[in-house]
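Some notes on the structure that comes next.
Note that the numbering runs from 1 along the sequence shown for the chain.
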Amino acid sequence: MDRLASASPASLWNEVSGTQPDPDLWVVVATLAAALAVVVPHRPWRVARNAVTIAHEGGHGLVALLTGRTLTGIRLHSDTSGLTVSRGKPHGLGMILTAAAGYTAPPLFGLGGAALLATGRITLLLWLATALLVAMLVMIRNAYGALTVFLAGGTFVLVSWLTGPQVQAAFAYAVVWFLLLGGVRPAFELQAKRSRGGAGDSDADQLSRLTHVPAGLWLFLFHAVSLCSLLGGGRWLLGI
């Protein structure tokens, strides 16, 4: 911590963007097993799903900004739902991409993280995730959401500054596995709700109204993105 605090900007960037040794294969497999233990059983998933909601709503917000919309606020709720509000044209490509970004964001974040880990950039991954969480915290508009994002960001800061390379690597791999695996389950949950007549205002239904493409096809897209990200990201993480 002291070394990074006293470093020059150039040396700090070299520290962050440089590569770190890959963890042993057993660490990669153990973090995969840990992620499965959180994502598959119902009880731990009910709590862990909050992290997926952060990525989901963060995806909406990030794409809204990238497409020129005005992001006005993000809310995260204790039932793991969320709401991202942006201003701009209520139709058009920007609105479509913003609506499509929610369910696709967690697996794509996981895929991007897997790409960084495959090149040994563990520190860069941790710092990028911290920066995104800090930026998101500024846009949170409710107490529960602020607490959730603050705790998530604080965890990344503590791991990045206070732990050694082995712990950082294990944490980074666990987070990426969680995003890849946790990005798959919400689309199936949404499909199940819609089959029971619920979730009538879901992202898929909003996209259907925006594009006149059936919501089922948007669900297929969510499934395709999450499963392909899991397959590709998993191969990168396992080195196969």
Side-chain angles (χ1 to χ4, degrees), residues 1 4 16 31-32 34-65 71-85 101-117 121-165 167-186 189 226 229-230 233 237:
M1 181 174 178
L4 290 178
V16 172
T31 54
L32 167 60
L36 284 169
V38 171
V39 171
V40 175
H42 180 66
R43 287 188 177 180
W45 172 245
R46 288 180 61 188
V47 177
R49 201 183 192 283
N50 285 282
V52 175
T53 303
I54 291 175
H56 179 115
E57 300 303 330
H60 282 313
L62 179 61
V63 173
L65 292 173
L71 182 62
T72 58
I74 299 173
R75 301 177 70 88
L76 305 173
H77 306 130
S78 58
D79 63 355
T80 72
S81 65
L83 177 65
T84 299
V85 179
Y103 280 92
T104 57
L108 289 177
F109 283 146
L111 183 63
L116 288 175
L117 293 181
R121 287 176 168 80
I122 297 170
T123 301
L124 180 59
L125 168 66
L126 296 176
W127 281 51
L128 280 176
T130 303
L132 289 173
L133 287 167
V134 170
M136 186 175 179
L137 183 61
V138 176
M139 300 307 303
I140 295 293
R141 296 294 182 264
N142 68 321
Y144 180 83
L147 176 62
T148 303
V149 176
F150 177 80
L151 290 175
T155 302
F156 275 88
V157 169
L158 290 175
V159 171
S160 299
W161 284 75
L162 300 181
T163 65
V167 175
Q168 291 180 11
F171 178 76
Y173 272 78
V175 167
V176 171
W177 276 124
F178 173 76
L179 287 172
L180 291 171
L181 293 165
V184 172
R185 184 163 177 173
E189 292 177 336
S226 62
S229 295
L230 175 59
L237 293 179

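Taking 4.5 Å as the limit, every side-chain heavy atom of R121 sits out of range of all side-chain heavy atoms of W127. By the 4.5 Å heavy-atom criterion applied to side chains, S226 and Y103 are not counted as neighbours. Counting heavy atoms from C-beta outward, L76 and L83 have side chains that stay 4.5 Å or more apart. Side-chain contact between V52 and P186 is present, with at least one heavy-atom pair separated by less than 4.5 Å.
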For this session: Give the C-alpha distance, both sets of side-chain angles, the deciding distance and a yes or no for side chain to side chain contact (heavy atoms under 4.5 Å, CB included) between L117 and Y173.
Result: CA-CA 8 Å; L117 293 181; Y173 272 78; 3.8 Å; yes
Problem set entry | Trace of the side chain to side chain contact (heavy atoms under 4.5 Å, CB included) decision for L116 with L128 | CA-CA 11 Å; L116 288 175; L128 280 176; 4.0 Å; yes
For this session: Begin with the C-alpha distance, continue with both residues' side-chain angles, and end with the deciding distance and a verdict on side chain to side chain contact (heavy atoms under 4.5 Å, CB included) for L126 and V175.
Result: CA-CA 10 Å; L126 296 176; V175 167; over 6 Å; no
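Summarising the geometry of P106 relative to G183, their closest heavy-atom pair is CB-CA, 4.1 Å, with the distance given to 0.1 Å. Across every non-hydrogen atom of A172 and L125, the tightest pair is CB-CD2, 3.8 Å.
Applying side chain to side chain contact (heavy atoms under 4.5 Å, CB included) to L237 and the options L32, L180, T31 leaves one that passes, L180.
Checked by atom type, the side-chain pair W161/Q168 shows no donor-acceptor distance below 3.5 Å.
Looking at T72, its side chain does come within 3.5 Å of a backbone N or O of V85 through a donor-acceptor pair. Checked by atom type and distance alone, the side chain of R185 pairs as donor or acceptor with a backbone atom of V40 at under 3.5 Å. With hydrogens and angles disregarded, a donor-acceptor distance shorter than 3.5 Å links the side chain of H56 to the backbone of G102. At distances below 3.5 Å, at least one donor-acceptor pair connects side-chain atoms of T53 with backbone N or O atoms of T80.
Sequence neighbours left out, the pairs with a member in residues 141-157 that pass side chain to side chain donor-acceptor pair (under 3.5 Å) are N50-Y144.
Electrostatic pairing of E57 and R75 does not count as a salt bridge here, judged by no charged N lying under 4.0 Å from a carboxylate O.
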